[in-house]
Structures are given as structure tokens and as C-alpha cells.
Asker: 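Once you've had a glance at the structure underneath, I'll fire off some questions.
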Amino acid sequence: MRADRLVATLLFLQERGRVTVPEVAAELEVSERTARRDLEALAASGIPVYSQRGRGGGWAPGGGARTNHTGLTADEIRALFLVTGPLSATPELRTTLRKLVRALPPTLRPQAEAATRAGVVDATDWSRNAVSADAAHRSALQGAVVDGIRVRLGYAGVGKPAGERTVDPLGLVAKAGVDYLVAGTEKGLRTFRLSRVTSVEPTGEPVVRPPGFDLATAWRALSGAFQDGMYAVTARARVRADTLALLQRFLGGRVRVGGPLPDGWTEVWVDGPAAKALAGHLAGLGAGVEVLEPPEVRQWLARIGAELTRTYAGEGAPDAPPGQ
């Protein structure tokens with residue numbers, strides 16, 4: 001006999017005030033025999049539930065009380081289902097939402113059900129590539145975090161073959177649609193991108209948590225170090241008016257816009273992790289961006305330009321693609 005079904009039965013009973021065995025069976029999608037056995041189990045466990053025979057009889061909570069045990073307001077219910085609704089693609093979440101709906105008063109059920117249909121999650125990017133490949137191991141890692149169990153983690157770093165290491169799972173973080181595991185290792189706290197996890201094997205050993213560990217604080221420290229690396233080099237440049245929006249779309253917050261220049265262009269400052277990487281980003285914008293300093297970025301741009309010229313010169317390509 002499943003405890004969650006007993007809880008659902010009790011909530012349904014308390015919300016209705018009086019129910020019959022057929023009503024419980026239909027609500028919980030079980031047989032009448034199972035429904036009757038669950039009601040009798042609730043009464044036998046000491047919960048104030050009793051039955052009345054005859055016309056108008058049924059099962060009722062002690063004293064005839066009718067209580068909404070969710071304790072949620074209408075606004076809280078709407079907010080909850082708006083968040084969980086788009087995520088209900090998994091069987092576990094669909095089951096959870098059905099149980100929550102059953103625990104609500106009838107007047108609030110239509111609003112909750114409408115909220116579950118108010119959004120959808122598209123698990124592919126604009127290149128039609130799946131962005132939820134990490135889902136296969138997320139459940140195992142969530143269980144390890146909650147249960148406090150050390151795991152052997154199969155992991156393939158960028159440009160590296162998959163290897164295995166033993167880690168202490170401490171928490172999961174979602175950053176811009178990407179999931180990361182924060183874990184303790186022999187070299188201290190580290191982050192692991194879930195899409196690069198190849199296997200998760202619980203060891204049965206307890207996790208060793210650093211004293212005073214707080215997931216939010218740890219993530220700020222770990223991600224802050226990474227973000228600092230994204231701003232290691234700053235280039236001052238001038239950008240043509242028809243290229244500025246494209247530059248901002250490509251690099252987002254790493255572009256700081258200055259004032260207009262006398263020639264109609266705009267002065268900008270662009271941050272990057274290294275001179276070579278920054279030059280690679282800017283090279284795709286062609287003559288729409290001119291880097292003024294530092295010399296290292298200009299030199300890398302010249303090198304990239306020379307390589308492209310050697311590769312493509314003499315093919316009769318137009319100065320710009322047709323229509324531009």
C-alpha cells in the first residue's frame with residue numbers, strides 16, 4: 001500500500017467532507033476494493049475518519065471538518081503551476097501535478113490546470129540541437145545530492161576523452177539554461193557541466209561537506225572566477241553604425257558603448273578571455289569593426305585576415321554576399 005496514495009485519499013476526503021468508495025476509486029484511478037482498503041487503513045491508523053452506512057452514508061473526517069491542507073492561496077497556486085507546468089514532460093512531474101490538483105478545492109482546480117498549459121519548454125536550440133542531453137544523469141545526481149552519497153563520476157572535459165573521478169555532490173545549479181554540478185574533489189570545489197557527464201555511480205560512502213558550505217555562496221565564488229577570465233583582455237574599437245547591433249548581439253554584456261565619433265562611427269570597448277579569442281570574435285564582422293588597441297588584438301586580426309586571404313583569394317568571390 002503506497003503512502004502517497006493514502007495521503008491523496010486523506011486530502012480528497014478532507015476537501016470533499018464526505019465521500020463514497022466509488023468516488024474515491026474514480027478520483028484516484030484505483031479499484032473500489034483498493035479504495036475501501038485505503039479508507040479502512042486510515043481509520044485503523046488513528047486518523048479521525050469514520051464510515052456511515054445506509055442512504056446518504058459514506059466516509060467523512062472526524063467532526064465533519066473540511067480543510068484545504070495545501071495551505072496555498074489562489075495566487076500561490078497559480079505561481080506554482082506556472083513554474084512546474086512547462087516542466088511536466090517527465091512522468092514523475094506529471095504524477096506530482098495530478099496529486100497536487102486533487103488536493104485543491106474544486107474552485108481552484110480549473111485555474112491550476114490552465115496554468116499547467118500556459119507554457120512549454122522547447123528542448124532544442126535554434127540549430128535544432130538538443131539542449132537537455134544532461135537529463136539522463138540529472139536524476140541520479142539529484143538523488144546523490146539529497147541523500148548525501150559520494151559518486152564516481154564519468155566526465156569528458158572539452159577536447160579530452162572521458163575519465164572517471166570520485167566526487168562529493170553538493171548541489172546543482174542552472175545557469176542560462178545550462179546545468180552544472182558543484183562538487184567537492186581532492187583539489188577543492190569544482191563545477192561539472194551535466195551535458196559532459198558520461199556516467200554516475202553511487203559509492204555508498206557519505207558526502208564530506210565543507211564546514212559552513214552554502215551552495216549559493218560557493219557558486220558565486222566559482223562562477224566569478226570563470227567570469228573574470230572572460231574579461232581578461234579589453235579592446236578599444238570603433239564600430240560602423242550598421243554593425244553595432246550585431247556586435248552587441250554576439251557579445252552581449254562584454255560590449256560597452258561609448259559616444260559617437262566625428263566620422264559617424266561609434267567608440268566601443270569589448271572584453272574577451274584572450275587576445276586571440278577576442279580577435280576571432282571580431283574578425284567575423286569584417287570591416288564593420290576596427291580595433292584601435294591593444295596591439296596584440298590588432299596583430300591577431302591581421303594574422304586571421306592573412307590566413308583567410310590565402311585560403312579564399314582568387315576564387316572570384318564578391319566583396320559581400322548577394323543582397324547585402
Side-chain angles (χ1 to χ4, degrees), residues 1-123 130 132 134-147 172:
M1 187 178 298
R2 296 180 59 183
D4 58 355
R5 194 176 66 236
L6 290 178
V7 172
T9 300
L10 178 60
L11 290 170
F12 180 59
L13 179 64
Q14 290 175 326
E15 184 272 311
R16 287 291 185 88
R18 185 181 300 276
V19 298
T20 64
V21 169
E23 288 174 341
V24 174
E27 178 70 15
L28 301 185
E29 300 176 0
V30 297
S31 68
E32 291 189 13
R33 181 178 178 180
T34 297
R36 181 177 291 104
R37 186 168 61 242
D38 288 352
L39 288 164
E40 291 172 350
L42 288 174
S45 67
I47 295 175
V49 174
Y50 67 95
S51 64
Q52 288 183 330
R53 298 183 180 275
R55 186 179 179 87
W59 289 79
R66 299 178 64 180
T67 306
N68 173 21
H69 271 212
T70 64
L72 299 173
T73 67
D75 287 343
E76 290 169 339
I77 290 168
R78 182 172 59 251
L80 174 63
F81 279 83
L82 282 171
V83 171
T84 57
L87 303 178
S88 59
T90 64
E92 294 83 1
L93 281 171
R94 285 197 296 270
T95 299
T96 300
L97 289 178
R98 284 197 297 268
K99 291 177 181 178
L100 287 173
V101 169
R102 288 170 181 163
L104 298 175
T107 55
L108 296 180
R109 290 186 186 183
Q111 188 178 38
E113 291 171 343
T116 65
R117 300 189 296 268
V120 68
V121 171
D122 187 343
S132 58
D134 52 359
H137 302 296
R138 184 187 296 111
S139 179
L141 288 172
Q142 286 174 331
V145 170
V146 172
D147 296 336
L172 295 174

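Residue numbers run from 1 in the order of the sequence given. For the numbers below, each heavy atom of this structure counts, side chains included, while hydrogens, waters and symmetry mates do not.
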Asker: I need the E32 CD to R37 CZ distance, nearest 0.5 Å.
Answerer: 13.0 Å
Asker: I need the E40 CD to W59 CH2 distance, nearest 0.5 Å.
Answerer: 5.0 Å
Asker: Do you know the tightest heavy-atom contact between A35 and V21?
Answerer: CB-O, 3.9 Å
Asker: Between R18 and E23, which heavy-atom pair has the shortest distance, and what is it?
Answerer: O-OE1, 4.2 Å
Asker: How long is the straight-line distance from CD of Q142 back to CG of L172, given to the nearest 0.5 Å?
Answerer: 5.5 Å
Asker: Nearest 0.5 angstrom please: D38 CG to L28 CG, how far?
Answerer: 7.5 Å
